[in-house]
Structures are given as C-alpha cells and as structure tokens.
Amino acid sequence: MSLAFSLEATSGRARAGRLVTPHGVVDTPAFMPVGTAAAVKAVTRRDLEEAGAQIVLANTYHLMLRPGDALVRDLGGLHGFTGWRGPFLTDSGGYQVFSLAKLRRLTEEGASFQSHLDGTAYMLTPERSMEIQQNLGADIAMAFDECPPHPAPREAVAEATARTTRWAERSRAAHCRADQALFGIVQGGVHLDLRERSAREIVAIGFPGHAIGGLSVGEDKEDMHAVLAHLDPILPADKPRYLMGVGTPEDILEGVARGVDMFDCVLPTRNARNGQLFTSRGRLSIRNARHRADPRPPDPACECYTCQTVSRAYLRHLHLASEMGAATLMTIHNLAFYLDTLRRIGQSIRLGRFAQFRAEMLRQLAVAPDYEGPGPHT
C-alpha cells in the first residue's frame, strides 16, 4: 500500500487527519509549497525543513521539458535528484495545458503543444503523463485532466468534464507504480450538477484520493465555496481531498471549513519575491515608505528565522536594492506563516474549536499592518 489516510478529528465539516506515504507522514490539513522545477524558489531544502514543510509539489510539465523526466529517473527520481527526504506530489501537466492555450491543440488523444522554452513540439497524453510521473517517482501523482477556462460556455465545460473522466480511466489503466498513489481530479467549473457528475464518475474509478481542480481560475469566491460545499458529502470521507492551486490564507480557511485536506499555491513564494508578506494581521508590502526606518520584525507574532533576525527596514532596503537575500528572507517568512497557519488550524480541529479559530483569524487578517504606526525608534 503506497498511501494510507486516517481521519482523526472533525470540527463541523473541517477535518484533521494523517497521510502516510513511502517518504513520511503528512498531517492534514496540509499546505504544499510549490517547487515547480523540483525546487521551491529562493529557498534551500534546509529552509523548507526548518519552516515545517512535510510535502512539496513538483511540476510534471516543467520537469518533462527541463531537465527531462528520464534524467530525473536515472538519478534516483525526485528524491535522489533533489535530496528532499519527505514526500513529493506531482501535478499531471493538465493545468499547464490549460494555461498555454495559445500554444496547444486539444484532441481526444491528448494535448499537442509547443514548449514555452524553445518552441519544440510535444504531445502530452494520459499515458505519457503517467510515464513522466512514474519516472519522477513522487509519492502522489495526479491523473491527467482537462481544466476548462473561466468563463466558458456550459457546453465547453461539460465536454471538458466528460473528457477528464475518460482521461482519468486511461490514467488509471496506464499507472502501474506500486509505491506511488494516483489521485483522480474532479472538474465541472462552477456548475454544481457537472461537479456532482464528475465526482461520482471519478470516485467510481477507484482512486486512493481525490483532487478538486478548475477553481481559483477567476470565478467568484462564492462560487468556489458553493462547489466545495456541494462536493463535501459526495467525496468519500475516508480518502484525502486536495484543492488544487488554492490559495490565500482566507481561501484555505474556507476550504478547510468545507472538508478539504490538502492545498498548494504559489502565492507565498511569488508574493515574497514581489515584496508582499503574509502576517498574522494581514498583508504587508515591504516597499511601503512607512517601513523605511522601522526596527520591528515583519510579524512580531512569528518565530521564523526572518522575524527573529531582521527588521522591516532592512528587508525593505534589501528588496529595493534587488539583493537576492530579500527574496530568500521573505519566502522563508511567508512559507513559515502558511505552514504554521495549517498547523494551528489542525490543532483547532482536534480541540473542536475550528469555528472560533476561523472567525478570529479572518478578523485578524482583515487588519492592514501598513497602516499601523511606525516603530518606537523611528
């Protein structure tokens, strides 16, 4: 058995559990830092471990193009290639097919597209996606799916949803690596009947876990919440649920409230490189002139390396001077904030206090630190 999931506590519809993989245990609800090219941008493996990361996501499409999945396989898979000792999850490449709409052509067989690096032509099919992911050797792989854009005509969403089921069946048939779990992906846009049909079809195929794709692509938050609430009683309670590509701390709280176990998003790393920090009292833009001489840490409530060692003033200086250390320090903080938030969410679920925790955290996140007064020595 390549994966075991146990549900340990609930608080309302929120769930806390334990996911056991060949490379370690993941406490859920969990956040997965995004390591697109088998590396989380701007930080080292040691930084990830110290921040409390238990599982990392890597990208099938990008690793297929560079350095090549066969090379990664020959160097021991993602674990041997990178040295990361914990679990990996790989996406299927389906989202990149969606995002590269101008460079690809979709057929029942799969997606033909040009590399964004050099224009080389490729064909990605469910079978090829499985081959790549088995070469990469992640603990969890994803079935190849079609992610319809938003907005899109209902007919187009229905067609993509039906194709996702057919591709999921082909993915399941092609997947043969015993030490790797394969998750199916539910599509259907914001149409609750299509989502329900997709969920029932994907569940019937017999995957050990299920992902919810095609959200956080431009739809209203209310629509995303409605989809998650609708899927909660349909997806098996004894298997993990993964909401792909979501999101902000607020999105994660709302996802957990509707029964989601796993999340990934580029926001903490991308926003760090752009000078935005997530804190216990909302977002902070380090570029703001208010921080020019501020001796306080980015978040006085945070115990990460960055908040224990540098000031807002120094971070602002590094960022404006385009020093590489700025991206590293701010990424360390943002990841630590996300990972600690998930840890505290799990703790609140186990104590039966998630509703109170959620309300209090949403209230705190609504505060804007950039409007606080300057530090005491400015």
Side-chain angles (χ1 to χ4, degrees), residues 5 13 15 60 89 91-99 101 106-111 124-127 129-130 140-175 181-247 251 254-255 258-264:
F5 177 70
R13 298 165 85 174
R15 300 146 48 95
T60 292
L89 179 147
D91 59 11
S92 70
Y95 183 79
Q96 277 63 44
V97 170
F98 153 74
S99 63
L106 216 54
T107 66
E108 185 62 27
E109 182 185 0
L124 196 55
T125 65
E127 293 78 13
S129 177
M130 294 306 99
I140 302 172
M142 306 303 299
F144 192 57
D145 66 320
E146 182 184 347
C147 179
H150 179 85
R154 178 188 165 86
E155 297 74 22
V157 177
E159 183 180 345
T161 303
R163 181 178 285 129
T164 289
T165 295
R166 295 192 296 272
W167 283 359
E169 292 169 340
R170 287 168 56 188
S171 296
R172 186 81 170 85
H175 187 266
L182 179 64
F183 282 20
I185 302 178
V186 175
Q187 289 290 352
V190 297
H191 307 283
L192 298 186
D193 60 326
L194 295 181
R195 284 286 179 177
E196 180 167 348
R197 183 191 310 166
S198 177
R200 295 193 186 283
E201 291 174 350
I202 295 299
V203 167
I205 295 172
F207 294 102
H210 303 97
I212 303 164
L215 291 176
S216 196
V217 293
E219 78 283 351
D220 292 337
K221 297 293 187 186
E222 294 77 12
D223 288 332
M224 178 171 72
H225 298 163
V227 167
L228 297 178
H230 193 73
L231 291 176
D232 178 34
I234 300 170
L235 295 175
D238 61 347
K239 295 182 178 181
R241 294 107 169 252
Y242 162 32
L243 178 56
M244 305 179 77
V246 176
D251 289 338
E254 298 301 338
R258 292 162 178 83
V260 175
D261 304 305
M262 301 166 66
F263 303 84
D264 81 281

A.B. asks: State, yes or no, whether a side-chain contact exists between R241 and M262 at a heavy-atom distance under 4.5 Å.
C.D. replies: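 Not in contact.
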A.B. asks: How long is the span from the OG1 atom in T165 to the CD atom in E146, to the nearest 0.5 Å?
C.D. replies: 11.5 Å
A.B. asks: For the CD atom of E159 and the CD atom of E108, what is their distance to the nearest 0.5 Å?
C.D. replies: 8.5 Å
A.B. asks: When rounded to the nearest 0.5 angstrom, what distance separates CZ in R197 from OG1 in T161?
C.D. replies: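 Output value for this atom pair is 8.0 Å.
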A.B. asks: Under the rule for side chain to side chain donor-acceptor pair (under 3.5 Å), what residues qualify as partners of E155, not counting sequence neighbours?
C.D. replies: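 Result, side chain to side chain donor-acceptor pair (under 3.5 Å) vs E155: none returned.
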A.B. asks: Could you grab the distance from atom CD1 of I202 to atom CG of D145, nearest 0.5 Å is fine?
C.D. replies: 8.5 Å
A.B. asks: Donor-acceptor pairs under 3.5 angstrom involving side-chain atoms of residues 221-228: please list them, not counting sequence neighbours.
C.D. replies:
unit_1	atom_1	unit_2	atom_2	d
K221	NZ	D251	OD1	2.9
K221	NZ	D251	OD2	2.8
H225	ND1	K221	O	3.4

A.B. asks: Can you pull out every ring pair (Phe, Tyr, Trp, His ring centres under 6.0 Å) where at least one residue sits in residues 155-174? Sequence neighbours excluded, please.
C.D. replies: F144-W167
A.B. asks: Rounded to the nearest 0.5 Å, how far apart are OG of S92 and CZ of F183?
C.D. replies: 13.5 Å
A.B. asks: Go through the structure and list residues passing side chain to side chain donor-acceptor pair (under 3.5 Å) with R172, not counting sequence neighbours.
C.D. replies: none
A.B. asks: Any sub-3.5 Å donor-acceptor pair from S129's side-chain atoms to T125's backbone N or O?
C.D. replies: no
A.B. asks: Starting from the C-alpha separation in whole Å, work towards a yes-or-no answer on side chain to side chain contact (heavy atoms under 4.5 Å, CB included) for F207 and L182.
C.D. replies: CA-CA 6 Å; F207 294 102; L182 179 64; 3.7 Å; yes
A.B. asks: Evaluate the salt bridge (Lys or Arg N to Asp or Glu O under 4.0 Å) criterion for residues R258 and D232: first the C-alpha distance (whole Å), next the side-chain angles of each, then the deciding distance (0.1 Å), finally the verdict.
C.D. replies: CA-CA 6 Å; R258 292 162 178 83; D232 178 34; over 6 Å; no
A.B. asks: Looking at V157 and G189, what are the two nearest heavy atoms and their distance?
C.D. replies: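 Taking V157 first and G189 second, the nearest heavy atoms are CG1-N, 3.8 Å.
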A.B. asks: Decide side chain to side chain contact (heavy atoms under 4.5 Å, CB included) for M244 and I212; before the verdict, give the C-alpha distance in whole Å, the side-chain angles of both, and the deciding distance to 0.1 Å.
C.D. replies: CA-CA 6 Å; M244 305 179 77; I212 303 164; over 6 Å; no
A.B. asks: Do the non-hydrogen side-chain atoms of Y242 and L89 ever get within less than 4.5 Å of each other?
C.D. replies: yes
A.B. asks: With sequence neighbours left out, what residues match R15 under side chain to side chain donor-acceptor pair (under 3.5 Å)?
C.D. replies: D261
A.B. asks: Are any of the side-chain heavy atoms of P233 and R13 separated by less than 4.5 Å?
C.D. replies: yes
A.B. asks: Between A168 and I205, which heavy-atom pair has the shortest distance, and what is it?
C.D. replies: CB-CD1, 3.7 Å
A.B. asks: Distance check, rounded to the nearest 0.5 Å: M142 atom CE versus I185 atom CD1?
C.D. replies: 4.0 Å
A.B. asks: When you compare the side chain of L235 with that of V203, does any pair of heavy atoms fall below 4.5 Å?
C.D. replies: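 Touching, per the 4.5 Å side-chain cut-off.
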A.B. asks: So do R154 and L194 actually touch side chain to side chain, heavy atoms under 4.5 Å?
C.D. replies: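 Yes; the side chains approach each other to less than 4.5 Å.
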A.B. asks: Taking all heavy atoms of P126 and all of S171, pick out the closest pair and write down the distance.
C.D. replies: CB-OG, 3.6 Å
A.B. asks: For E201, give me all partners under salt bridge (charged side-chain N to carboxylate O under 4.0 Å, His left out), at least two apart in sequence or on another chain.
C.D. replies: none
A.B. asks: If you define the side chain from C-beta out and look only at heavy atoms, does anything of Q187 sit under 4.5 Å from P148?
C.D. replies: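 In short, these two side chains touch, coming nearer than 4.5 Å.
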A.B. asks: Any donor-acceptor pair under 3.5 Å linking the side chain of R195 with the backbone of V186?
C.D. replies: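 At least one qualifying donor-acceptor pair exists.
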